[in-house]
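What follows is a set of notes on a single structure, which appears directly below.
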Amino acid sequence: MRLRAVLFDMDGTLLDTAPDFIAVCQAMRTDRQLPLVSEKLIRDVVSGGARAMVAATFDLSPADPTFEALRLEFLERYQQHCAVHTCFFDGMGELIADIEKSGLIWGVATNKPLCFAEPIMHGLGLAERSAVLVCPDHVTHSKPDPEMLFLACNQLDIEPSSVLFVGDDRRDIEAGHAAGMRTAAVRYGYIHPEDNPGNWGADVVVDHPLELRAVLDRALCGC
């Protein structure tokens, strides 16, 4: 079936949200008169969520009695500063413009809670351009379950087989396949050093957002 829409994961795929996560982590350390940690240390575990970032930032196990208070502080700080440094990955702005010019629709399906995802979309002026935003708040099961992707297709009134789903985590590719979508894995996202997107079974793997142009051209032709 000819491609009609592109759905993106948010963190590490559509947007580079790590700078805001890193800023929060470093601020928490600074307030405790602790030295800053390597930005890479935090970036490498972004896909693991708040728990993974707090654990890396403070070298703590989630079982530590101080951990939960740190996690809640992290989330509170991030709520207030989630769209300060976040931006498109290099080339993604041009890709989105190309998608819009081609007549395709695009949207976001993310495991990021709505309380963070929605302000980011509005802050970057993307809420008005995106056709759909689906978060865990809208479903019972998050990715890798396909429920989120089925909901997006239902809201867009399109068949999953006419959608390309793009993500930077194995969960994205598994969800896309389970939904019957074509899938693209990106290497530029928040990939754990020991992981390899080439092993996720995606239909295509790209190193840069603009490499998706050729993928879209082929899909628009029904290739």
Side-chain angles (χ1 to χ4, degrees), residues 4-28 39 42-43 46-50 53-54 71-143 147-158 163-169 171-172 175-176 184 186 188-190 209-210 212 216:
R4 295 185 58 196
V6 184
L7 291 177
F8 295 93
D9 171 55
M10 180 177 282
D11 298 75
T13 303
L14 179 69
L15 300 173
D16 187 4
T17 54
D20 282 321
F21 287 129
I22 292 168
V24 168
C25 290
Q26 304 289 36
M28 289 176 67
E39 293 189 1
I42 301 168
R43 185 176 283 270
V46 165
S47 63
M53 285 184 276
V54 170
R71 186 185 72 86
L72 293 176
E73 179 185 340
F74 173 91
L75 292 174
E76 183 178 352
R77 286 178 180 249
Y78 184 63
Q79 175 75 75
Q80 298 171 8
H81 303 92
C82 61
V84 179
H85 305 292
T86 289
C87 60
F88 275 134
F89 279 100
D90 177 56
M92 183 57 73
E94 296 125 282
L95 178 67
I96 293 296
D98 285 347
I99 288 173
E100 293 170 342
K101 289 176 184 176
S102 69
L104 293 171
I105 52 180
W106 68 273
V108 177
T110 174
N111 281 356
K112 196 181 196 76
L114 185 65
C115 64
F116 304 128
E118 195 169 54
I120 289 173
M121 293 292 283
H122 281 286
L124 295 180
L126 299 177
E128 301 79 8
R129 299 170 64 183
S130 171
V132 67
L133 171 64
V134 180
C135 299
D137 312 65
H138 303 128
V139 296
T140 303
H141 304 289
S142 297
K143 297 175 292 184
E147 181 184 1
M148 189 177 289
L149 302 184
F150 285 135
L151 176 59
C153 288
N154 184 58
Q155 292 182 359
L156 295 173
D157 192 26
I158 57 178
V163 177
L164 173 69
F165 185 46
V166 187
D168 73 320
D169 192 280
R171 292 169 295 187
D172 298 318
V186 303
Y188 60 80
Y190 306 142
L210 293 182
L212 286 167
L216 295 176

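Only this structure's heavy atoms are used, side chains among them; waters, hydrogens and symmetry mates stay out. Everything numeric here is computed off the predicted structure, so don't read it as measured data.
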Where do [X] and [Y] come nearest, in terms of heavy atoms and distance?
X	Y	answer
A184	L212	CB-CD2, 3.8 Å
I99	S102	O-OG, 2.7 Å
V163	C153	CG2-SG, 3.9 Å
S47	D169	CB-OD2, 3.9 Å
L7	A152	CD1-CB, 3.8 Å
H85	A23	CD2-CB, 4.2 Å

Please tell me if the side chains of [X] and [Y] come closer than 4.5 Å, counting only heavy atoms from C-beta onward.
X	Y	answer
M28	E73	yes
P113	C135	no
V108	V134	no
L95	F8	yes
E39	Q26	yes
P209	D90	no
D168	D9	yes
L216	D98	no

Check your understanding: Which residue pairs pass the side-chain hydrogen bond (donor to acceptor under 3.5 Å, both in side chains) test with at least one member in residues 122-136, sequence neighbours excluded?
Key -> E100-R129
Review point. Which pairs with one or both residues in residues 110-121 pass side-chain hydrogen bond (donor to acceptor under 3.5 Å, both in side chains), sequence neighbours excluded?
Key: D11-K112, Y78-K112
Review point. Between the side chain of K143 and the main-chain N/O of L149, is any donor-acceptor distance below 3.5 Å?
Key: no
**Study point:** Trace of the side-chain contact (heavy atoms from CB on, under 4.5 Å) decision for V6 with F165
**Key:** CA-CA 6 Å; V6 184; F165 185 46; over 6 Å; no
Study note, to complete from the structure: With W106 as partner, the option from L14, V132, L156 fulfilling side chain to side chain contact (heavy atoms under 4.5 Å, CB included) is L14
Check your understanding: Can you name the one residue among I42, V46, T17 that meets side chain to side chain contact (heavy atoms under 4.5 Å, CB included) with I22?
Key -> I42
Exercise for review: Check side-chain contact (heavy atoms from CB on, under 4.5 Å) between L124 and all other residues, then give those that pass, not counting sequence neighbours.
Suggested key: L15, T86, I120, L126
Could you measure the distance from the [atom1] atom of [X] to the [atom2] atom of [Y]? Nearest 0.5 Å is fine.
X	Y	atom1	atom2	value
K101	I96	NZ	CD1	12.5 Å
H138	L151	NE2	CG	7.5 Å
M148	S142	CE	OG	4.5 Å

Point to revise | Sequence-distant partners of Y188, ring-ring contact (aromatic ring centres under 6.0 Å, His included), two or more places apart | key: F89
Practice item. Only counting residues at least two apart or in another chain, list the ones meeting side-chain hydrogen bond (donor to acceptor under 3.5 Å, both in side chains) with R71. Key: E68
Practice item. Apply side-chain hydrogen bond (donor to acceptor under 3.5 Å, both in side chains) to D137 and list each qualifying residue two or more places apart in sequence or on a separate chain. Key: none
Check your understanding: Is D20 paired with R77 through a side-chain N to carboxylate O contact shorter than 4.0 Å?
Key -> no
Exercise for review: Could you give me the CA-CA distance, side-chain angles and deciding distance for D16 and R43, then say whether salt bridge (Lys or Arg N to Asp or Glu O under 4.0 Å) is met?
Suggested key: CA-CA 10 Å; D16 187 4; R43 185 176 283 270; 3.2 Å; yes
Review point. For Q79, does the CD atom sit with more than 12 other heavy atoms under 6.0 Å from it, leaving out its own atoms?
Key: yes
Check your understanding: Do other residues, nucleotides or ligands put more than 12 heavy atoms under 6.0 Å from the CD atom of E147?
Key -> yes
Exercise for review: Could you give me the CA-CA distance, side-chain angles and deciding distance for E94 and L210, then say whether side-chain contact (heavy atoms from CB on, under 4.5 Å) is met?
Suggested key: CA-CA 8 Å; E94 296 125 282; L210 293 182; 4.0 Å; yes
